[in-house]
Peer 1: 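Would you mind keeping the following structure in view while I ask a few things?
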Amino acid sequence: MCGIIGIVGRSEVAAALYDGLTVLQHRGQDAAGIATFDGQRLHLSKGNGLVRDVFDTESMARLRGNVGIGHCRYPTAGSEGAAEAQPFYVNSPFGIALAHNGNLTNTLALKREVFADDRRHINTDSDSEVLLNIFAHELQAQERLRLEPEHLFKAVAGVHGRCVGGYAVVALVLGYGLVGFRDPNGIRPLVIGSREGPEGPEWALASESVALDILGFKLVRDVAPGEAVLITEGGELLARQCGPAKVHAPCIFEYVYLARPDSMMEDVSVYKARLRMGERLAHKIRRQRPDHDIDVVIPVPDTSRSAAIAMGKVLGVEYREGFVKNRYIGRTFIMPGQKERVKSVRRKLNPMELEFRNKVVLLVDDSIVRGTTSKQIVQMAREAGARKVYLASAAPPVRFPNVYGIDMPAVSELVAHGRTEAEIEAFIGCDWLIYQELTDLILAVQEGNPELKHFDTSCFSGEYVTGLSAAYLQQLELMRNDDAKEKRRDVVVA
C-alpha cells in the first residue's frame with residue numbers, strides 16, 4: 001500500500017514531489033525517496049523514516065531537474081530494510097528509476113528468470129527491483145540506440161506478459177520522460193493530473209487524486225488497467241493499451257481503509273463510499289434489532305468517521321467524538337510487530353469519560369484485522385464507564401490474506417479466520433459485534449460508478465482475481481507471521 005508520484009514540469013519538481021509525498025504519507029510511513037533528472041544526471045535521495053525525516057534542506061537542494069518520481073513505503077514481507085527504500089535505479093539501458101505500489105505473486109519464478117535468462121542481478125528482497133529489471137530487460141531487448149514511444153509501450157507489454165499480481169508503477173526513463181502503468185486487472189490505483197504552467201502543460205501521476213489537489217493539478221482520469229502512459233520531457237502525453245483484456249477489479253480495501261476520504265478513485269468519491277457503508281450497516285442493525293438501545297455512536301478515529309456519521313443519522317442516535325487521537329503515533333495497521341502495535345494503542349487513543357459514562361455505546365471501526373486493537377479499545381470504553389459496548393465494522397470479516405500489496409498478517413493471526421462471529425465477539429469482549437455484508441460493501445462503492453462490475457475482495461472472500469497456488473499461500477504464511485518479521489528485523493539491526 002505504498003504511495004507513488006511522478007511529475008513532468010517546466011521548472012524544478014523536487015519540492016512538489018516532497019509535498020505530494022507528505023499527502024500520500026498515510027500509504028506508508030516506513031521509508032521514502034525521490035529521484036529527479038536534470039537533463040544530464042539522475043539525482044536520488046532515499047532512506048527509512050517519514051518524508052519529513054528523510055529529506056532535509058541539503059538533500060532537497062541536490063534533487064535538481066524538471067522531471068522526477070517519489071515513493072513512500074510501508075514494510076511488506078521481505079521489503080523492510082533501508083536497502084529496499086525506493087525509487088530503485090538501473091543504468092542500463094538509458095538509465096531507469098522506478099517506484100512501485102503493489103505486490104507480484106510470481107516473484108520467486110521471476111528472480112530465477114532474471115538471473116538465468118536476462119543475466120541481471122537482484123540485490124535486494126524487493127519485488128520492485130525485480131519489476132524494474134524486467135522492464136529494463138524488455139526495453140534493452142529491442143536493441144535501439146534511439147527510443148521511440150512504441151518501444152516503451154512494447155516494454156510495458158513485456159512486463160504485463162511476465163509479471164503477475166497487483167502493481168502501479170511510475171518510471172523515469174532518462175532523456176525520454178515519465179512512464180506510468182497499472183496491472184491488467186487495475187488492482188492498485190494510479191491517476192493522471194494536469195495543469196497549465198506559464199511555459200506549457202505540466203503532468204503528474206499519483207496513487208491518489210488528493211496528491212494532485214494539493215499541487216494544483218486537475219484530475220484528468222485514472223490510468224486504465226493494462227494501460228501505459230508516456231509523458232515526454234516536452235510535456236506531451238501519449239497512452240496505449242499494453243496489457244490483455246482482463247477483469248477490471250480495483251482493490252475494495254482502498255475504499256474501506258487505505259485511501260484518504262478526499263480522494264477520487266475510479267470516479268468514486270472515497271468519502272461518499274464510506275458514508276454509504278455506514279448507511280447500509282445501520283440498516284442491517286435496524287433489521288436485526290429494530291428496538292436497539294444504543295445511546296451514542298462513537299468512531300474509532302480516523303478512517304471510520306464517515307461511516308459513523310452516517311450510522312448515527314440512520315439510527316437516529318447522537319454521533320459523538322469519544323476518543324482523542326495522538327496524531328504523532330503511526331497507523332497501527334502498518335506497525336511492525338505485535339508488541340509495538342499493542343503498546344501503541346493506548347498511546348494513540350485516549351477516551352473521554354463523559355462520552356462513555358453510563359451509556360450504551362456503538363463503536364464504529366473501518367475493519368477488524370487481528371482483533372487485538374479492537375479488544376483494547378472495547379476495554380478502554382468499559383473503563384471509561386460504558387454500560388454496554390457494541391462494535392460495528394464497516395467491512396466484512398477479514399478471513400484471508402491480501403496478496404496484492406497490502407501486508408496483512410499471516411492468516412493464522414487474522415481474528416476472523418476459522419472463527420464464527422460469535423467467537424470473534426467473545427474474543428474481542430464486546431456485548432454485540434456487527435459486521436458489514438460483503439454485498440452491501442460492494443454496492444456502497446459501486447453506487448458511485450455503476451461501470452465498476454468487479455472488485456478485488458480477496459481478503460474477505462478468498463477469491464484471487466489472478467489465481468494463486470496453495471504453495472504460494474503457504475509460503476506467505478511463513479513470511480508474514482510476526483515471529484518471522486521479528487527475526488528479519490533482528491538480522492537487519494545486527
Side-chain angles (χ1 to χ4, degrees), residues 2 4-8 12-14 17 31-47 54-55 59-71 73 79 81-101 104 107 110-159 162-163 167 169-181 205 228 230-234:
C2 305
I4 58 175
I5 186 170
I7 298 176
V8 176
E12 302 281 327
V13 297
L17 289 167
I34 292 174
T36 60
F37 180 60
D38 65 4
Q40 298 294 324
R41 296 183 61 183
L42 177 89
H43 304 279
L44 177 62
S45 180
K46 59 182 182 176
V54 170
F55 304 104
S59 62
M60 290 297 295
R62 291 196 299 266
L63 293 169
R64 306 300 303 275
N66 297 359
V67 185
I69 60 175
H71 184 272
R73 183 195 77 192
S79 296
E84 282 82 12
Q86 297 185 44
F88 284 110
Y89 172 71
V90 290
N91 61 10
S92 177
F94 308 105
I96 305 169
L98 179 143
H100 161 225
N101 170 35
L104 305 182
T107 303
L110 290 173
K111 278 186 175 181
R112 290 192 291 268
E113 284 181 23
V114 167
F115 179 76
D117 301 334
D118 301 351
R119 298 294 191 265
R120 287 177 173 269
H121 174 72
I122 304 300
N123 203 47
T124 70
D125 292 325
S126 173
D127 62 339
S128 304
E129 189 188 9
V130 174
L131 199 155
L132 167 61
N133 277 275
I134 288 173
F135 178 60
H137 173 79
E138 294 296 324
L139 203 54
Q140 192 163 28
Q142 299 178 61
E143 298 182 349
R144 301 283 180 173
L145 292 177
R146 174 68 193 176
L147 279 183
E148 299 294 338
E150 64 194 62
H151 305 133
L152 289 161
F153 292 138
K154 187 176 179 180
V156 174
V159 171
R162 297 175 65 180
C163 296
Y167 50 90
V169 171
V170 289
L172 188 58
V173 183
L174 305 194
Y176 296 91
L178 178 66
V179 178
F181 55 92
L205 301 172
L230 166 64
I231 305 168
T232 68
E233 292 183 337

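The figures here come from the full heavy-atom set of this structure, side chains too, leaving out hydrogens, waters and symmetry mates. Owing to the predicted nature of the structure, the values given are computational and were not obtained by experimental measurement.
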Peer 1: With distance as the sole test, does E129 use its side chain to make a donor-acceptor pair with the main-chain N or O of D125 at under 3.5 Å?
Peer 2: no
Peer 1: Can you tell me how far apart NZ (K111) and CD (E113) are? Round to the nearest 0.5 Å.
Peer 2: 13.5 Å
Peer 1: Please report the interatomic distance CZ(R120) to CZ(F115), rounded to the nearest 0.5 Å.
Peer 2: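 R120 CZ to F115 CZ: 13.5 Å, rounded to 0.5 Å.
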Peer 1: Please round to the nearest 0.5 Å and tell me the distance separating atom SG of C163 and atom CG of L110.
Peer 2: 5.0 Å
Peer 1: Determine, step by step, whether T232 and V8 satisfy the side chain to side chain contact (heavy atoms under 4.5 Å, CB included) criterion, reporting the C-alpha distance in whole Å, the side-chain angles of both residues, the deciding distance to 0.1 Å, and the verdict.
Peer 2: CA-CA 8 Å; T232 68; V8 176; over 6 Å; no
Peer 1: Please check: side-chain N/O of K46 versus main-chain N/O of P87, any donor-acceptor pairing under 3.5 Å?
Peer 2: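 Confirmed, K46 side chain pairs with P87 backbone.
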Peer 1: Could you grab the distance from atom CG of L132 to atom CZ of F88, nearest 0.5 Å is fine?
Peer 2: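 One finds 8.0 Å between CG of L132 and CZ of F88.
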Peer 1: For residues V90 and A136, report the shortest heavy-atom separation together with the two atoms involved.
Peer 2: CG2-CB, 3.9 Å
Peer 1: Is there a donor-acceptor contact under 3.5 Å from the side chain of H71 to the main chain of H100?
Peer 2: yes
Peer 1: For residues 61-70, which residue pairs qualify under salt bridge (charged side-chain N to carboxylate O under 4.0 Å, His left out), counting only residues two or more places apart or in two chains?
Peer 2: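 Counting only pairs at least two positions apart or across chains, the salt bridge (charged side-chain N to carboxylate O under 4.0 Å, His left out) contacts touching residues 61-70 are E12-R64, E58-R62.
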Peer 1: What are the two closest non-hydrogen atoms of Q86 and S128, and how far apart are they?
Peer 2: NE2-OG, 2.9 Å
Peer 1: So which atom in L42 and which in L174 form the shortest heavy-atom distance, rounded to 0.1 Å?
Peer 2: CD1-CD2, 3.8 Å
Peer 1: Is the shortest side-chain N to carboxylate O distance from R162 to D118 below 4.0 Å?
Peer 2: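 Salt bridge between R162 and D118, a charged N being under 4.0 Å from a carboxylate O: yes.
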Peer 1: Does the pair V170 and I5 meet the rule for a side chain to side chain contact (heavy atoms under 4.5 Å, CB included), with working shown?
Peer 2: CA-CA 7 Å; V170 289; I5 186 170; over 6 Å; no
Peer 1: Before giving the answer on side chain to side chain contact (heavy atoms under 4.5 Å, CB included), spell out for L152 and L139 the whole-Å C-alpha distance, their side-chain angles and the decisive distance to 0.1 Å.
Peer 2: CA-CA 7 Å; L152 289 161; L139 203 54; 3.9 Å; yes
Peer 1: Using 30° and 60° as the class boundaries, would you call the ring planes of F135 and F181 parallel, tilted or perpendicular?
Peer 2: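 Answer is tilted, since the angle falls between 30° and 60°.
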Peer 1: Go through it in stages, so that I can follow the logic: the residues are E148 and F153, the test is side chain to side chain contact (heavy atoms under 4.5 Å, CB included), and I'd like the CA-CA distance, side-chain angles, deciding distance and then a yes or no.
Peer 2: CA-CA 9 Å; E148 299 294 338; F153 292 138; over 6 Å; no
Peer 1: Out of curiosity, I4 CD1 to L205 CG, how far, rounded to the nearest 0.5 Å?
Peer 2: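 Between I4 CD1 and L205 CG, I get 8.0 Å after rounding to 0.5 Å.
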Peer 1: What is the distance from atom CD of Q140 to atom CG of N133, rounded to the nearest 0.5 Å?
Peer 2: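 It comes to 10.0 Å.
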Peer 1: Using modelled atom types only, decide if a donor and an acceptor are shared between the side chain of D38 and the backbone of G65 within a distance under 3.5 Å.
Peer 2: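 Not confirmed, D38 side chain does not pair with G65 backbone.
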